[in-house]
Amino acid sequence: MPMIETAPNVRLHVEDWGQGQPVVFLHGWPLSHEMFEYQINQLGNEFRCILIDRRGFGKSDQPWSGYDYDTLADDIQAVLEALDLNGVILVGFSMGGAEALRYLSRHGSNRISKLVLLGAAAPRLLKAPDFEEGVDKSVFDEMIENIIQDRAAFVESFSKDFFGATILNTPLSSKLMDWFHSLIMKSSPRAFINCILTFSQADLRADLAKVDVPTLIIHGTADKIVPYDLTARAMHQEIAGSRLISYEDAPHGFFYTEWPQLNHDLEAFIKEEVPIMVE
């Protein structure tokens with residue numbers, strides 16, 4: 001698979017599988033394109049699936065800087081141009097969903113036909129005077145401090161909330177959880193922390209009004225990482241013509257826990273010819 005240069009001395013790893021309608025996947029923090037295995041195994045039979053490792057993650061280069069949303073959006077544009085992709089279904093999970101929103105705001109929808117936001121970390125997370133319902137800064141400060149002290153231990157604890165694992169509920173086998181941990185630990189420590197600063201501090205509320213393609217929002221109501229009421233409802237209200245599908249009691253990591261339903265919903269949306277209307 002190709003390494004595509006998106007900026008001086010920055011090359012991104014890109015997987016390009018299948019044929020037909022191009023579907024570009026943007027992974028979440030702090031994973032890699034490999035998180036979409038359960039989607040690609042099915043959707044790759046019908047569509048051309050392109051998966052990008054964000055700079056600093058997976059098999060992409062790990063530069064010291066460039067983890068702000070503008071730069072990450074420019075990276076996406078460079079990949080789409082290099083592969084000459086048009087009519088793209090852009091699918092972003094968590095931080096990848098926020099990147100997708102900034103991409104459309106910054107580069108427009110000339111190459112994009114539809115947008116899918118999966119557990120997207122948008123439009124805003126950090127508490128502010130004009131956003132009192134947001135998450136207190138101390139929560140993100142503690143995350144960063146725990147990562148600095150023991151990143152592996154942080155990942156183990158974070159993953160339990162990510163997938164909704166408790167003593168009575170273990171949606172992933174221990175082996176699969178180990179695999180997810182290994183994907184996370186491949187990331188650059190610098191990118192790991194800088195991306196927290198990006199997704200916690202960014203305000204994408206103005207970006208929502210610039211979305212001018214049919215949009216599907218899917219979010220778990222029991223999401224402990226990206227709270228449903230803070231994000232999914234706000235995006236649905238502000239993105240004209242969007243559709244919101246709520247996965248009841250699903251965690252942030254529903255790309256695995258609810259993967260058969262998610263694959264069904266993605267396939268139906270990709271094939272749908274009538275523009276999505278507000279419910």
Side-chain angles (χ1 to χ4, degrees), residues 23 25-29 31 35-40 42-43 89-101 104 114-127 131-135 139 158-166 168-172 180 199-200 202 204-205 207-209 211-272 274-279:
V23 185
F25 290 84
L26 307 177
H27 65 82
W29 173 92
L31 290 155
M35 63 161 281
F36 290 113
E37 176 174 325
Y38 286 82
Q39 283 66 60
I40 303 308
Q42 179 175 332
L43 298 178
I89 312 292
L90 189 58
V91 180
F93 172 77
S94 196
M95 184 177 181
E99 286 177 64
L101 288 169
L104 285 168
K114 295 179 182 179
L115 173 65
V116 182
L117 300 170
L118 305 176
R124 190 165 191 179
L125 297 179
L126 187 65
K127 185 177 182 179
F131 192 63
E132 289 292 341
E133 63 271 34
V135 180
V139 173
F158 176 78
S159 297
K160 293 178 181 178
D161 286 339
F162 194 98
F163 290 107
T166 65
L168 299 178
N169 180 40
T170 53
L172 276 71
F180 278 110
F199 66 67
S200 66
L204 301 176
R205 290 177 293 183
D207 298 64
L208 301 182
V211 176
D212 59 356
V213 295
T215 300
L216 174 63
I217 301 165
I218 302 178
H219 214 105
T221 63
D223 193 326
K224 294 181 180 180
I225 306 299
V226 179
Y228 176 90
D229 288 333
L230 202 64
T231 56
R233 290 193 186 279
M235 289 186 291
H236 181 42
Q237 290 172 359
E238 297 300 325
I239 297 177
S242 63
R243 173 183 296 172
L244 172 61
I245 298 179
S246 304
Y247 287 175
E248 292 299 325
D249 298 323
H252 191 55
F254 62 79
F255 60 88
Y256 174 73
T257 63
E258 319 294 323
W259 71 262
Q261 184 62 48
L262 175 59
N263 289 0
H264 171 81
D265 291 335
L266 286 174
E267 183 176 347
F269 182 67
I270 293 169
K271 292 180 175 179
E272 190 172 40
V274 179
I276 300 297
M277 302 302 294
V278 176
E279 294 180 339

Please report the shortest heavy-atom distance between [X] and [Y], naming the atom on each side.
X: Y247; Y: D265; result: OH-OD2, 2.6 Å
X: L125; Y: A121; result: CD1-CB, 4.2 Å
X: H27; Y: F36; result: CA-CE1, 3.6 Å
X: A202; Y: R124; result: O-CG, 3.8 Å
X: S200; Y: L126; result: O-CB, 2.9 Å
X: F269; Y: L115; result: CE2-O, 3.6 Å

Once side-chain contact (heavy atoms from CB on, under 4.5 Å) is applied, do any residues pair with [X], and if so which ones, sequence neighbours excluded?
X: E267; answer: Q42, L43, E46, F47, K271
X: A98; answer: Y69, A122, L204
X: V135; answer: V139, F140, L230
X: K127; answer: E132, D136

Would you tabulate the side-chain donor-acceptor contacts of residues 248-257 under 3.5 Å, counting partners in other chains and residues two or more places apart, or write 'none'?
unit_1 : atom_1 : unit_2 : atom_2 : d
H252   : ND1    : D223   : OD1    : 3.4
H252   : ND1    : D223   : OD2    : 2.6
H252   : NE2    : S94    : OG     : 2.9

Rounded at 0.5 Å granularity, tell me how far [atom1] in [X] sits from [atom2] in [Y].
X: M35; Y: I40; atom1: CE; atom2: CD1; result: 10.0 Å
X: Q39; Y: L118; atom1: CD; atom2: CG; result: 8.0 Å
X: I245; Y: Q261; atom1: CD1; atom2: CD; result: 7.5 Å

inquiry  = The criterion is ring-ring contact (aromatic ring centres under 6.0 Å, His included); which residues satisfy it with Y228, sequence neighbours excluded?
reply    = H219
Side chains of [X] and [Y] in contact at under 4.5 Å (non-hydrogen atoms):
X: F163; Y: F180; value: yes
X: L90; Y: L26; value: yes
X: L117; Y: L101; value: yes
X: V23; Y: L266; value: no

Please identify each residue that fulfils side-chain hydrogen bond (donor to acceptor under 3.5 Å, both in side chains) with [X], with sequence neighbours left out.
X: D161; result: none
X: R233; result: D229
X: Q237; result: none

query = Hey, is the main chain of G164 close enough, under 3.5 Å, to the side chain of T166 for a donor-acceptor pair?
reply =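 No, the answer is negative, given that no donor and acceptor are paired below the 3.5 Å cut-off.
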